[in-house]
Amino acid sequence: MKVDRVLVDARLATMRPGADAYGSVVPGAVAIAGERIAWAGPMADLPTGLDGAERIALEGRWVTPGLVDCHTHLVYTGDRAHEFELRLEGATYEELSRAGGGIMSTVRATRAATEPELVAASLPRLDALIAEGATTVEIKSGYGLAVEHEAKMLRAARALGRARPVTVRTTLLAAHALPPEHAGEADRYIDLCAGPILDAVAAEGLVDAVDAFCDTIGFTRAQTERVFAAARARGLPVKLHAEQLSNQGGAALAAGMGALSADHLEYLDEEGVAAMARSGTVAVLLPGAFYFLRDTHHPPVDLLRRHGVAMAISTDLNPGSSPLHSPLLTMNMACTLFRLTPAEALAGMTRHAARALGIAADAGTIAAGKRADLAIWDIERPGELAYRIAWNPLHRRLWGGR
Ligand code: NIG
Ligand code: FE
């Protein structure tokens with residue numbers, strides 16, 4: 001076996017189905033060849049003939065898959081601190097949105113920014129995720145809402161991926177809100193999302209998946225379906241902001257169209273859960289938005305468990321509903337607010353998050369053949385990752401074996 005480096009004396013939370021909920025291997029070792037894991041398993045079974053490889057002794061530290069933040073809107077400029085104050089005085093997220101604030105206020109700021117300005121504003125946010133062990137981050141457009149601005153956002157996202165050792169997966173979210181120049185003509189705007197905008201960003205190789213916001217302040221099921229049909233016709237996977245503020249049956253629609261994930265899901269009903277189970281659509285839970293909007297309607301975690309729907313979790317990092325820059329705090333919130341177990345929270349930030357992005361062959365567990373995207377932690381047990389608040393025990397992070 002040709003191997004470049006070997007991590008030894010580690011404790012592995014492989015997150016593969018195994019003896020315990022973390023797929024623990026103690027003591028364990030990981031052999032890395034180039035960007036990939038060549039071998040992972042118990043220390044006692046470490047293959048011989050690895051003499052030329054660099055040996056890194058981890059002194060019993062825990063190694064997990066690199067964290068996968070599978071739902072962010074981290075490319076934007078401006079902030080919405082003022083709306084936070086207004087909400088604390090009684091205004092609701094929907095009211096601010098209908099009054100031209102909300103997503104539209106970030107659209108105005110983002111349209112006014114150049115691509116380099118967007119990159120500069122967004123880099124510290126990406127760095128915050130990386131600092132807590134993220135090795136893959138999904139980034140959505142959706143604050144441009146016109147072809148040149150959506151493309152600018154996605155170019156900025158790609159540029160962020162080149163600027164840092166992290167995998168960036170891009171998602172076109174043109175169907176996020178109705179821009180003012182199309183007021184009263186949502187269907188005309190959806191024609192643009194499903195046609196010229198999609199074609200332009202796809203031609204430039206800027207888009208890995210397509211998303212929409214199906215809700216009373218977003219778009220209808222029929223409009224969502226048209227965007228999805230166009231994406232599928234172009235060979236692009238789809239995912240959906242569904243059932244966040246009301247039950248529109250969006251998750252069932254998304255599942256019926258083979259969506260990778262349906263996200264938010266506070267108002268998801270059992271019919272939607274069953275549809276997701278049938279299609280293998282991942283439920284992406286976003287406790288940051290639930291917390292920050294002071295929501296009280298919980299996503300149906302027990303139903304999701306009972307139907308065997310995989311649950312991912314994510315920061316939803318965005319300026320309006322979830323200005324949350326911490327994957328670890330997200331794991332804590334998933335436990336405290338949604339009653340996930342710490343093992344479910346870690347699986348939600350690794351294995352299931354990778355599935356929600358359609359990259360399970362490359363990321364999400366510690367297994368031979370996958371990318372060597374790993375996080376090494378100064379902890380005594382993996383449940384600690386979801387336990388502390390505002391504490392970062394990351395020792396080191398490997399991305400593609402480096
Ligand atoms: O995931 N639900 C819609 N989209 C974002 C919020 C975006 C914003 O408020 O700027 C979300 O919560
Ligand atoms: Fe979102």
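We count ligands from 1, going down the list as the structure has it; atoms in each ligand are counted the same way. Along the sequence shown, residues are numbered consecutively beginning with 1. Bear in mind the structure is a predicted one, so any value in this text is a computation, not a measurement.
- The closest donor-acceptor contact from the side chain of Asp9 to the backbone of Gly60 lies at 3.5 Å or more, if one exists at all.
- A salt bridge does not link Glu138 to Arg169: none of the charged side-chain nitrogens sits closer than 4.0 Å to a carboxylate oxygen.
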Kindly list each side-chain donor-acceptor pair under 3.5 angstrom involving residues 375-382, sequence neighbours excluded, with atom names and distances?
unit_1 : atom_1 : unit_2 : atom_2 : d
Trp377 : NE1    : Thr64  : OG1    : 2.9
Asp378 : OD1    : Arg61  : NE     : 2.5
Glu380 : OE1    : Arg11  : NH2    : 3.2

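- Residues Thr171 and Lys239 have side chains that never bring a donor and an acceptor to within less than 3.5 angstrom of each other.
- No side-chain donor from either of Glu94 and Ser97 sits under 3.5 Å from a side-chain acceptor of the other.
- The main-chain N or O of Gly250 is found under 3.5 Å from a side-chain atom of Glu243 such that the two form a donor-acceptor pair.
- Looking at Ser261 and Asp263, their side chains do bring a donor and an acceptor atom within 3.5 Å of each other.
- Pocket lining of ligand 1, defined as residues with a non-hydrogen atom under 4.0 Å away: His71, His73, Arg80, Tyr93, Ile103, Tyr143, His176, Phe213, His241, Gln244, His264, Asp316, Asn318, Gly320, Ser321.
- Checked against a 6.0 Å centroid threshold, the rings of Phe290 and His264 do not count as neighbours.
- Around the Fe ion (ligand 2), the protein atoms of type N, O or S found under 2.8 Å away are His71 NE2, His73 NE2, His241 NE2, Asp316 OD1, listed by chain and number.
- Sorted by first and then second residue, the ring-ring contact (aromatic ring centres under 6.0 Å, His included) pairs involving residues 73-108 (not counting sequence neighbours) are His71-His73, His73-His176, His73-His241, Phe84-Phe292.
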